[in-house]
Amino acid sequence: MIDTTYIPKPRTDITLQDIDGESLILDNNNEVIHQLNDTATFIWQQCNSLNSVSDISSLVVEHYLVSEENAKNDVLTVISNFKGLNLLDE
Amino acid sequence: MSKDTNVIKLSVFNCDISISINSPDLVNVFELVYGAMIVHQAVGSFKLSYLITLNKSTNEISIQREGGPQYITSDIGEFIFLFEKDMTIELQKLRSDLLFIHSAVLEYKGRGMLLVAPSGTGKSTTSWAMLNSGFNYLSDELAPIDLTTRQVQPYPHALCLKAEPPLFDLPDDCLFTSQTIHVPVRSMSCKPGSQMAPVSLDFIFFLEYDAEISEPVVSSIGLAQASAKLYSNSLNALAHDNGDKGLHVAVSLAKTVQNFSLRSNHLDKTCEKIRIMLESC
């Protein structure tokens, strides 16, 4: 279970391709390709092993002009999904 | 070479292939399956050379590529499968400049289209229906694409079905094996000779069979989704690796064509739907 203090660390052995605001993430180890919409792409781009969930939520508020509560919930959901899909280092 | 040995020459993606065969029956199989690719004179040296030998006492067929492994089988269907697999893998190595997609290729009024789907989804059955509905046939499973010109090279082997199709009778000279039906190009209703000309790629349809729908559904899909599906169906994306496992070639190809999802059930309605779409685009 992740919380707002969690700092996501993206795996370095995956391939990211930006496509007009959306992204494809190629996970060769698991032979899977993931498609991220523009919001998930933005959140992924803020995962730099330094930003916490709280930091990323603030960036989402600034970028998308949404409420803090909505941003926090969205970021927690998306990053939980990243974790569930094995895109983050433990 | 004994006097009973025949030599068949194929030309595939500008690669000349020599196949020496000691059995008239197997020559007939090759002429049926690869007839559209047979040439009488090789242009250059042979890039691949095969020796196919039938042992009459054991009925075993040996496939031996020069410099490659030997395969042995006594089943005609497996023989065609093993030969095709070896040849297409070697061709991908020889023409690593092309991007090979697991896809059917058809042409309509000069416009090329791919029908991309996993095995067993209905590519060949749909291709059979389409070539009987005004489309020209280039391949039912392999689309080699020149990334510079965006042209698809033909691979017109005999169309390979796993069961009798629900629409359009099969010609009398099909080859029935234990698991497959091979429909020779010479007996197809499409324009003769059209199968050997590359076509400009304009459309990609990602095919899904859906038993629940009453009408085929065609919908435009976004670039990211099209790129992901193309990449997943690429056979040699890694040959185009520039640090991204070849992902960029799927993206750049998807950018240059119109991409659609095609949920299909009724073959005749599907053919009509695609034809109308191609005429209106």
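A, B, ... follow the sequence lines: proteins, then strands. Residue 1 opens every chain. Basis for what follows: all heavy atoms, side chains included, without hydrogens, waters or symmetry-related copies.
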task = Just do the side-chain contact (heavy atoms from CB on, under 4.5 Å) check on A:Leu16 and B:Asp244 with the steps written out, would you?
result = CA-CA 8 Å; A:Leu16 178 78; B:Asp244 67 348; over 6 Å; no

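Listed by chain and residue number, nothing satisfies the ring-ring contact (aromatic ring centres under 6.0 Å, His included) test with B:Phe206 (two or more places apart in sequence, or in another chain).
By the 4.5 Å heavy-atom criterion applied to side chains, B:Tyr231 and A:Leu26 are counted as neighbours.
Using a 4.5 Å cut-off between heavy atoms, B:Ser227 touches chain A through backbone and side chain atoms alike. In this structure, no portion of A:Asp18 lies under 4.5 Å from any heavy atom of chain B.
Counting non-hydrogen atoms of other residues, nucleotides and ligands closer than 6.0 Å to CD of B:Gln70 gives a total above 12. Around atom CD of A:Glu31, no more than 12 heavy atoms belonging to other residues, nucleotides or ligands sit under 6.0 Å away. Surrounding CZ of B:Phe81 are at most 12 heavy atoms belonging to other residues, nucleotides or ligands under 6.0 Å away. The 12-atom threshold is not exceeded at NZ of B:Lys85, counting heavy atoms of other residues, nucleotides or ligands nearer than 6.0 Å.
Your options are A:His34, A:Gln17, A:Glu22, and the one with the most heavy-atom pairs under 4.5 Å with chain B is A:Gln17.
The CG atom of A:Asn28 lies 7.0 Å from the CG atom of B:Leu238; values are rounded to the nearest 0.5 Å. Separating the CD1 atom in A:Ile19 from the NE2 atom in B:His248 is a distance of 12.5 Å, to the nearest 0.5 Å.
Counting only residues at least two apart or on different chains, the ring pair (Phe, Tyr, Trp, His ring centres under 6.0 Å) pairs with a member in residues 68-90 of chain A are A:Trp44-A:Phe82.
Smallest separation of non-hydrogen atoms from A:Leu24 and B:Ala224: CD2-O, 3.4 Å.
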